[in-house]
Visitor: 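Mind having a look at this structure? Questions to follow.
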Amino acid sequence: MTLMQPFKTVLDMQTGALQPTGPIIQRHLSDMQHMYLDQEAYAQILAVEGDRLIYEVYQAPGVPEVAGQILHGTTIIYPGCVGQEFHMTKGHFHAQRDRAEVYVGLKGEGHLLLQTEDGVVEDMPMRPGTVAYIPPLWAHRTVNTGEQPFSFLSAWPGDAGHDYGAIEKMGFAKLLVDQGGQVTLVDNPRFL
Ligand code: PAN
Ligand code: ZN
């Protein structure tokens with residue numbers, strides 16, 4: 001391994017932005033077409049309001065994606081729903097399934113949904129100060145269940161990689177929905 005310089009970034013606790021940052025990933029509604037259950041609501045939002053920004057990811061710059069390194073960054077999920085379903089990330093397994101991750105809640109209110117290959121789900125509410133451990137072999141998705149932006153810090157192994165395909169195909173077995181103002185975990189009728 002070649003020697004690299006230590007560095008730091010500054011986290012804006014109000015917005016969740018990192019400075020300096022690597023490329024910022026923005027995921028809009030159209031990037032998540034088949035992920036929300038209510039396809040009519042999805043089409044209606046696109047037609048009436050346009051392609052809304054669902055979440056952004058800031059990643060600390062210049063960390064090589066190799067074993068031994070720790071990639072890290074922040075995610076900000078903006079508040080809102082598609083139908084009854086709260087805004088969420090795409091969700092993924094690590095391409096190397098035996099790589100773990102740590103999430104630290106910064107601002108706002110959300111949930112971390114975790115799921116095994118067998119479809120077993122854990123639902124973990126997250127607030128500022130929650131330190132969540134995502135063990136190896138668990139897919140993970142975060143959901144903004146509050147009325148403000150929900151932000152958190154993540155740190156994961158440099159060689160973990162991201163596998164989105166499995167979740168795109170199978171989805172999550174449970175959904176977080178707004179039922180008359182109550183955050184409710186329900187079965188996903190489309191789960192394969
Ligand atoms: C996080 C996620 C981030 C965005 O940094 O990548 O919250 O979620 P998706 O990657 O599912 O779109 C992480 O878990 N990295 O491994
Ligand atoms: Zn991850």
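Whatever order the structure lists ligands and atoms in, that order sets their numbers, starting from 1. Just so we're clear, the structure is a prediction, and the values are computed from it rather than from any experiment.
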Visitor: Measure from the Zn ion (ligand 2) to every N/O/S atom of Glu101 and report the name of the nearest one.
Guide: OE1
Visitor: Residues two or more places apart in sequence or in another chain: which of them pass side chain to side chain contact (heavy atoms under 4.5 Å, CB included) with Leu153?
Guide: Thr74, Val104, Leu106
Visitor: Check whether any N, O or S atom of His162, backbone or side chain, sits closer than 2.8 Å to the Zn ion (ligand 2).
Guide: no
Visitor: Distance check, rounded to the nearest 0.5 Å: Phe150 atom CZ versus Ile77 atom CD1?
Guide: 6.0 Å
Visitor: Quick one: CD on Gln44 to CD on Glu49, what's the gap to the nearest 0.5 Å?
Guide: 10.0 Å
Visitor: Is it the case that the side chains of His111 and Arg141 hold a donor-acceptor pair, with the cut-off being a distance below 3.5 Å and no angle test?
Guide: no
Visitor: Rounded to the nearest 10 degrees, what's the angle NE2 of His140 makes with NE2 of His92 at the Zn ion (ligand 2)? Could you check?
Guide: 80°
Visitor: Can you pull the residues with any heavy atom under 4.0 Å from ligand 1?
Guide: Arg27, Tyr55, Val57, Thr75, Thr89, Lys90, Gly91, His92, His94, Glu101, Tyr103, His140, Phe152, Ser154, Trp156, His162, Tyr164
Visitor: Could you give the distance from CG (Leu53) to CD1 (Ile76), rounded to the nearest 0.5 Å?
Guide: 9.0 Å
Visitor: Say whether Glu101 and His140, considering side chains only, have a donor N or O and an acceptor N or O under 3.5 Å apart.
Guide: yes
Visitor: Answer yes or no: does atom CG of Leu185 have more than 12 heavy-atom neighbours from other residues, nucleotides or ligands under 6.0 Å?
Guide: yes
